[in-house]
Amino acid sequence: QVQLVESGGGVVQPGGSLRLSCAASGFTFSSYGMHWVRQAPGKGLEWVAFIRYDGSNKYCAVSVKGRFTISRDNSKNTLYLQMNSLRAEDTAVYYCVKDVRWQQPYYFDHWGQGTLVTVSS
Amino acid sequence: EVVMTQSPATLSVSPGERATLSCRASQSVGSNLAWYQHKPGQAPRLLLSGASTRATGIPPRFSGSGSGTEFTLTISSLQSEDFAVYYCQQYYNWPPLTFGGGTKVEIK
């Protein structure tokens, strides 16, 4: 079955950096677009970033543009989110999410359990 | 950006009763709408796509309708495991993909 396992979350100071990883299994990782979606404490879901199946196209939310970078290594079945210049408002559970398609963002059929990122001094 | 608005924010329902959740888009998204169920501490789960097509393994008590800007998720007879937060998400106009603020279905 599809498994998405996030890691790399933790506590970081404002202005700091963190890299999240997501290990994927149970499907052909290199054939699907992937996303990061986050949920701040007490808030709803917010889409963060998308990467095409081959890594050739990426899109991200305005709130993280220029600070976060999504990437993937299809040889390792792993998705990444490099987060720089972190702010308190980036505090959230970050979910690794599989798209149902390969080329463009669509909707999500599998989610990881999430990893908590806390930005605090 | 397409703004998705869900109502009500909280819905109190007794087990066995029907629940009707609404989702409105700020502009037409056709039928490019998905619904998710999210329970605390768990991963969200896809319920419906294309506004009305149930995902694999989703019981028939979950149904969806609507197109354009107005959508509805109906749970025909609430079971104990259905108490959760429900989100709609549009995938017609991106980036960004956008979610509604969620509707919490709680036990009355």
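All values below were derived from every heavy atom in this structure, side-chain atoms included, with hydrogens, water molecules and symmetry-related copies excluded. In what follows, every chain begins at residue 1, and chains take the letters A, B, ... in the order their sequences are listed.
- Interface residue A:Glu46: only backbone heavy atoms are found under 4.5 Å from chain B.
- Residues A:Met34 and B:Leu46 fall into different hydrophobic clusters, defined by Ile, Leu, Val, Met, Phe, Trp and Tyr side chains chained together at heavy-atom separations under 4.5 Å.
- Clustering ILVMFWY residues whenever any of their side-chain heavy atoms sit less than 4.5 angstrom apart, transitively, puts A:Trp36 in a cluster other than the one holding A:Phe50.
- No more than 12 heavy-atom neighbours from other residues, nucleotides or ligands sit within 6.0 angstrom of NZ on B:Lys104.
- Residues A:Tyr59 and A:Val100 share a single hydrophobic cluster, defined by chaining ILVMFWY side chains whose heavy atoms lie under 4.5 Å apart.
- Hydrophobic cluster membership is shared by A:Val93 and B:Val85, with clusters built from Ile, Leu, Val, Met, Phe, Trp and Tyr side chains linked at under 4.5 angstrom.
- Within 6.0 Å of NZ on A:Lys65 lie no more than 12 heavy atoms contributed by other residues, nucleotides or ligands.
- For B:Tyr36, the part lying under 4.5 angstrom from a heavy atom of chain A is the side chain only.
- Interface with chain A: from residues 21-30 of chain B, no residue qualifies, criterion being any non-hydrogen pair under 4.5 Å.
- Residue A:Val48: no heavy atom, backbone or side chain, is found under 4.5 Å from chain B.
- Going from atom CD of A:Gln39 over to atom OH of B:Tyr87 covers 4.5 Å, rounded to the nearest 0.5 Å.
- Listed options B:Ser49, B:Gly102, B:Gly41 were ranked by heavy-atom pairs under 4.5 angstrom with chain A; first place goes to B:Ser49.
- Other residues, nucleotides and ligands place no more than 12 heavy atoms under 6.0 Å from the OH atom of A:Tyr32.
- Among residues 101-121 of chain A, the residues having any heavy atom closer than 4.5 Å to a heavy atom of chain B are, in sequence order, A:Gln104, A:Pro105, A:Tyr106, A:Tyr107, A:Phe108, A:Asp109, A:Trp111, A:Gly112, A:Gln113.
- Both B:Trp35 and B:Val13 are assigned to one and the same hydrophobic cluster, defined by single-linkage of ILVMFWY side chains at heavy-atom distances under 4.5 Å.
- If you tally non-hydrogen atom pairs under 4.5 Å between each of B:Leu97, B:Thr98, B:Leu33 and chain A, the highest count goes to B:Leu97.
- Within 6.0 Å of the OH atom in B:Tyr92, the count of heavy atoms belonging to other residues, nucleotides or ligands does not exceed 12.
- When each of B:Pro44, B:Gly100, B:Gly101, B:Pro95 is scored by its heavy-atom pairs under 4.5 Å with chain A, the top score falls to B:Pro44.
- For B:Ala34, the part sitting under 4.5 Å from any heavy atom of chain A is the side chain, from C-beta outward, and nothing else.
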